[in-house]
Amino acid sequence: MSSASAALRRQFPILTPGLAYLDSAASAQMPVPVLDAVRTFETSQRANVKRGVHRLAEAATEAYAQARGRVAAYLSVPADEIVFTGGTTASINLVAHAFGSLLKPGDEIVLSGLEHHANLVPWQMLAARGGITLRFLPITGDGRIDLSALPATLGPRTKLVTLAHVSNVTGAIVDTAPVVAAAKAVGARVLLDGAQRVPHGPVDIGALGIDFYAFSGHKLFAPHGVGVLWAKAELLDAMPPFMGGGEMIARVELSGSTWAKGPAKFEAGTPPIGAAVGMGAACDWLSGLPWAAIAAEESRLTQRLLDGLQATPGVRILGPSGLQGRAPVVSFDLAGAHPHDVCQIMDSKGVALRGGHHCAQPLHGRFDLAGSTRASLALYSDDSDVDRFFEGLAEARRVLL
Amino acid sequence: MSSASAALRRQFPILTPGLAYLDSAASAQMPVPVLDAVRTFETSQRANVKRGVHRLAEAATEAYAQARGRVAAYLSVPADEIVFTGGTTASINLVAHAFGSLLKPGDEIVLSGLEHHANLVPWQMLAARGGITLRFLPITGDGRIDLSALPATLGPRTKLVTLAHVSNVTGAIVDTAPVVAAAKAVGARVLLDGAQRVPHGPVDIGALGIDFYAFSGHKLFAPHGVGVLWAKAELLDAMPPFMGGGEMIARVELSGSTWAKGPAKFEAGTPPIGAAVGMGAACDWLSGLPWAAIAAEESRLTQRLLDGLQATPGVRILGPSGLQGRAPVVSFDLAGAHPHDVCQIMDSKGVALRGGHHCAQPLHGRFDLAGSTRASLALYSDDSDVDRFFEGLAEARRVLL
Amino acid sequence: MSDALYHEAILARAKDTAREGRIDGATRTATLDNPLCGDRVTLDFALSGERIDKVRHFVRGCALCRASAATLAASLEGAGRGALAANAGKLDAALAGATDDPVWQVFAPVGRHKSRHDCVRLPLAAARAALADAG
Amino acid sequence: MSDALYHEAILARAKDTAREGRIDGATRTATLDNPLCGDRVTLDFALSGERIDKVRHFVRGCALCRASAATLAASLEGAGRGALAANAGKLDAALAGATDDPVWQVFAPVGRHKSRHDCVRLPLAAARAALADAG
Ligand SMILES: Cc1ncc(COP(=O)(O)O)c(C=O)c1O
Ligand SMILES: Cc1ncc(COP(=O)(O)O)c(C=O)c1O
């Protein structure tokens with residue numbers, strides 16, 4: 001472990017020496033700068049935002065606006081294209097309702113067979129509501145979206161292609177260029193579910209040529225209960241609001257109302273202010289980190305996991321076997337052992353993993369499994385975590401097999 | 001100021017001596033037990049909830065379940081009738097979609113002319129979507145919902161009556177018994193927007209005979225970004241889900257999905273865990289407070305505000321002139337002075353007020369005003385706040401009139 | 001050190017396949033899912049009136065779930081239908097750390113792990129669904 | 001002590017009713033709302049080609065908004081349409097604390113109060129809407 005990564009790790013008070021936290025894809029931990037930013041907000045700036053002119057209200061409004069700017073900077077997009085939501089799920093439901101209400105029966109939406117339920121169920125509900133047809137890109141044997149099926153799956157009726165930027169099970173990173181080209185060719189919009197992408201470094205969203213991007217704060221080293229929807233300004237203009245209430249209106253009368261412009265139209269009610277401030281602090285902190293070094297370290301540790309698992313009898317890895325186009329999320333099946341039993345025994349060795357379907361039942365069905373065991377890394381992961389992982393795995397095999 | 005209330009106030013680190021925080025109806029401040037509960041969660045229990053078996057996941061799941069139980073205890077309802085949402089606005093939008101989808105064109109919903117936009121705009125949107133008719137109870141000259149209009153407004157087509165338990169502008173507490181009786185008589189459900197009621201003591205929801213109750217954490221001394229929808233179990237069963245995603249499903253296949261039971265069906269995606277833990281801590285802390293004494297103190301201070309304002313030339317109070325059926329929220333118009341100018345000058349005296357339409361434009365229209373100035377109290381308010389308020393008001397009058 | 005949860009006795013139960021399988025022409029059957037993990041339990045019963053002649057369990061689930069299903073099947077076979085409630089009570093007591101029932105006390109270590117309670121309870125819930133309002 | 005925001009000069013402007021009202025048969029007009037506070041500004045213009053002959057403002061808003069509307073109306077009357085952009089620039093400079101323009105520097109204390117920037121900018125936005133893409 002380099003001293004740089006040791007210094008990073010010390011910023012996370014929850015990461016005590018006995019703990020190998022390999023569940024960052026579920027929720028990443030919070031570093032001191034984020035903890036402090038939230039505490040500072042709550043103890044010296046707390047108030048409701050926007051309408052107030054008193055000092056705390058001004059400070060809170062300023063902190064909230066600054067958070068929006070910091071998130072926007074992390075994504076290289078204008079701040080007035082950032083909508084704060086409750087999380088990835090809320091962001092995608094927002095699009096399914098707001099963009100979905102612009103679609104007509106017979107229109108088609110293209111997804112893949114590896115989507116998280118958050119990027120599947122809202123579209124199933126829209127399909128039922130609006131007579132929309134869902135079409136699915138198949139999944140390859142190594143857990144990637146099969147892009148060779150793009151021409152056969154997209155067509156003139158396709159209005160939206162919505163895919164995981166990174167799979168939360170297989171770690172596969174989708175190759176966005178052919179997706180965007182295929183969507184553009186038929187006039188479809190593209191949404192990427194970036195929940196598992198953003199914790200691994202800044203994303204230049206503008207350069208991707210997409211239309212929507214969604215992710216959660218709690219996987220980005222920030223509090224639970226805040227998320228982001230980025231959408232092109234023209235789409236924020238074109239879409240009707242999703243939820244109604246305070247802050248999202250221009251004028252309200254009993255007989256009807258008109259809407260605010262920009263992100264405000266989609267931020268009904270008091271937003272998750274402290275959590276958004278935490279997310280801004282996280283993005284600010286992340287923006288200053290040495291990402292080339294962190295990515296190299298995450299890759300090196302991922303390789304160790306892949307190598308060790310491949311050498312373990314009865315283990316089948318769900319996902320690419322190499323590092324190419326792959327994020328540090330490693331799921332596997334251990335023949336004859338149930339994921340929850342594996343996780344439970346490894347927990348007794350201080351290793352925090354996740355077992356189950358990881359909110360991706362169709363993908364597990366594709367692999368003929370009910371669930372899998374997942375180890376997921378973050379910028380604070382180190383060799384001691386991987387060492388403990390293999391000690392725990394040996395123990396699980398000894399007990400269960 | 002009694003020493004009991006001084007001890008209460010010391011629990012709120014943001015309430016420094018120079019500050020008269022009279023904006024609690026917008027967001028109340030957080031006491032040390034809540035700040036600490038959130039910090040403890042984030043630094044020693046943080047993980048995603050439900051699916052995990054490792055120690056942190058178990059601790060987080062337990063903390064989240066405990067929070068649900070504590071909120072339920074504050075409301076005297078079963079824990080499995082508590083749905084955690086993003087706030088009052090999200091709770092009401094949930095009902096507008098989920099309950100709303102059970103309604104038919106021509107059905108009617110009854111509201112009042114004093115509702116917060118959060119309890120108006122979602123119904124306007126439902127009306128537009130589903131061919132539902134909205135009918136409004138008028139507002140009396142002293143800012144109450146005119147319940148004498150119940151018989152003429154409710155009818156066989158009424159499916160829901162949805163009213164503010166306490167007005168966030170006039171402070172009027174609605175008399176629920178005749179509302180519930182009138183609704184029952186025509187087979188309509190009743191939703192109360194309790195955002196301004198819950199900060200002033202426990203509510204025995206079961207005893208009210210209503211069907212839905214909604215409120216926000218940030219007005220209840222807890223973080224922003226969490227709220228509650230309470231609904232009768234039979235309604236949670238009968239309603240389809242609002243948002244789709246993880247946690248709310250029973251089984252997901254590409255061809256369709258089935259839903260979880262109970263509150264889970266309505267909690268799509270990772271919930272605002274830390275904020276919910278804060279809300280549970282707040283309810284727990286509040287449950288142990290001497291409410292008779294606090295209510296008496298809030299009333300005494302409200303009376304001081306009312307008396308002083310009534311004695312001030314050019315002041316018109318929007319709301320009941322006495323304490324009967326009235327919460328400690330006092331809004332007023334100062335003839336010839338704009339609310340933002342009043343607030344700004346009073347801020348320079350350390351008095352935090354809110355000016356504007358308070359997300360209740362139709363109510364202000366009823367009073368022929370664009371906005372008003374509001375002072376709102378909480379359990380930490382004391383005589384020094386009221387003293388400062390009147391000093392500030394004198395200064396505002398000196399400068400502006 | 002192995003986690004106390006996975007002691008010899010519980011693992012032996014999990015590997016007990018004596019009553020694993022299905023019953024052709026079962027009098028009663030029920031399949032239940034645990035939505036949180038996707039696990040699935042099927043219980044088949046052959047009844048003669050109130051008497052349970054035969055029980056078979058078919059589990060796609062963890063060791064704790066399989067151990068519970070095997071334990072339940074062995075306890076119910078040959079008993080009256082009322083035995084289900086009695087066994088459920090014994091499991092609850094074991095999880096609460098308040099039993100010395102020789103059959104169910106092997107599940108006592110699960111008590112500390114709330115996230116696993118549903119795993120051991122799922123077979124009993126399936127049995128309850130299968131035997132409900134029987135006539 | 002009165003808040004520095006509400007100094008004599010700004011209050012005097014707010015009370016300056018010289019150009020308050022409407023213009024019958026205005027060449028150009030626009031009404032804008034501030035959705036956050038419900039304030040509303042109407043600006044009427046009588047133009048002769050590029051020249052602004054007459055301006056009237058009708059404001060339901062705070063003292064800062066009224067002061068800004070009165071200042072703008074006085075600055076534009078008799079000027080060319082291009083004067084709007086110049087005045088907007090001077091207001092921005094005043095809010096940034098970077099001007100000694102005798103007319104607009106009275107708004108410098110508003111600079112510290114971001115929540116009030118929209119109040120003083122609303123009349124300029126209304127003027128911009130009224131004078132936009134004129135032919
Ligand atoms: C009566 C009432 N209802 C609803 C709301 C909306 O609450 P939130 O903005 O937290 O969703 C508020 C507060 O803003 C309120 O006072
Ligand atoms: C790829 C992906 N999409 C969506 C989600 C849902 O995020 P959340 O539960 O924060 O809404 C997750 C995480 O759970 C995820 O990994």
Side-chain angles (χ1 to χ4, degrees), chain A residues 13-14 23 26-27 29-30 35 42-44 46-48 51-56 86-90 93 113 117-118 120-122 124-125 136 216 218 223-226 243-246 249 251-254 256-257 268-270 272-275 340 343-344 347 352-354 356 359 361-362, chain B residues 13-14 23 26-27 29-30 35 42-44 46-48 51-56 86-90 93 113 117-118 120-122 124-125 136 216 218 223-226 243-246 249 251-254 256-257 268-270 272-275 340 343-344 347 352-354 356 359 361-362:
Chain A
I14 205 171
D23 194 22
S27 283
Q29 296 301 342
M30 285 188 355
L35 289 164
E42 298 294 10
T43 55
S44 69
R46 177 177 160 101
N48 209 324
R51 275 158 233 278
V53 302
H54 61 77
R55 283 163 220 188
L56 290 176
T88 312
T89 303
N93 277 276
H117 296 164
L120 169 55
V121 180
Q124 291 179 331
M125 293 168 76
F136 294 92
S216 301
H218 68 97
H224 296 90
V226 65
M243 296 210 244
I249 55 94
R251 180 160 288 269
V252 175
E253 296 178 13
L254 292 184
S257 301
T270 304
I273 311 175
H340 279 169
C343 289
Q344 188 84 55
D347 176 60
L353 303 172
R354 197 145 290 234
C359 295
Q361 285 195 315
Chain B
I14 205 169
D23 195 22
S27 284
Q29 297 300 343
M30 286 189 354
L35 289 164
E42 298 293 10
T43 56
S44 68
R46 177 179 161 101
N48 210 324
R51 275 159 233 278
V53 301
H54 62 76
R55 282 163 221 190
L56 290 177
T88 311
T89 302
N93 277 274
H117 295 165
L120 170 56
V121 180
Q124 291 180 330
M125 293 168 76
F136 294 92
S216 300
H218 68 97
H224 297 90
V226 66
M243 295 211 244
I249 56 94
R251 179 161 288 269
V252 175
E253 296 177 14
L254 293 183
S257 302
T270 304
I273 312 175
H340 279 169
C343 290
Q344 188 85 54
D347 176 61
L353 303 173
R354 198 144 288 234
C359 295
Q361 285 195 316

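Chain A is the first sequence line, chain B the second, and so forth, proteins listed ahead of strands; every chain is numbered from 1. A quick note: this is a predicted structure, and the numbers were derived from the prediction, not measured. Computation of the quantities below employed the complete heavy-atom set of this structure, encompassing side-chain atoms and omitting hydrogens, waters and symmetry-equivalent molecules.
You'll find the side chain of B/Thr43 reaches within 4.5 Å of the side chain of A/Leu35, heavy atoms only. B/Asn48 places a side-chain heavy atom less than 4.5 Å from the side chain of A/Arg354. Using a 4.5 Å heavy-atom threshold, the side chains of B/Glu253 and A/Gln361 count as separate. The shortest distance between side-chain heavy atoms of A/Leu56 and B/Ile14 falls below 4.5 Å.
Interface remark: of the candidates B/Gly274, B/Pro122, B/Ser216, B/Pro122 forms the most heavy-atom pairs closer than 4.5 Å to chain A. Looking only at heavy-atom pairs under 4.5 Å with chain A, the residue among B/Met243, B/Glu42, B/Arg251 that has the most is B/Met243. In terms of non-hydrogen atom pairs under 4.5 Å with chain A, the most contact-rich of B/Gly256, B/Cys343, B/Ala275, B/Gly356 is B/Gly256. No other option in A/Gly86, A/Ala47, A/Pro13, A/Gly87 has as many heavy-atom pairs under 4.5 Å with chain B as A/Ala47.
Shortest non-hydrogen contact noted between A/Gly245 and B/Val121 is N-CB, 3.7 Å. Between A/Pro362 and B/Leu254 the shortest heavy-atom distance is CB-CD2, 3.5 Å. The two residues A/Cys359 and B/Gly246 have their closest heavy-atom pair at SG-CA, 3.9 Å.
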*Check step by step if side chain to side chain contact (heavy atoms under 4.5 Å, CB included) holds for A/His218 and B/Ile273.*
CA-CA 10 Å; A/His218 68 97; B/Ile273 312 175; over 6 Å; no

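The backbone N or O of A/Gly244 lies less than 3.5 Å from a partner atom in the side chain of B/Asn93, making a donor-acceptor pair. Looking only at distances, no side-chain donor or acceptor of A/Asp347 sits under 3.5 Å from a matching main-chain atom of B/His54.
When heavy atoms are compared at a cutoff of 4.5 Å, A/Leu120 approaches chain B solely by way of its side chain, counted from C-beta outward. Heavy-atom distances place the side chain of B/Met125, and not its backbone, under 4.5 Å from chain A. With a 4.5 Å cut-off on non-hydrogen atoms, B/Ser257 touches chain A through its backbone and its side chain both.
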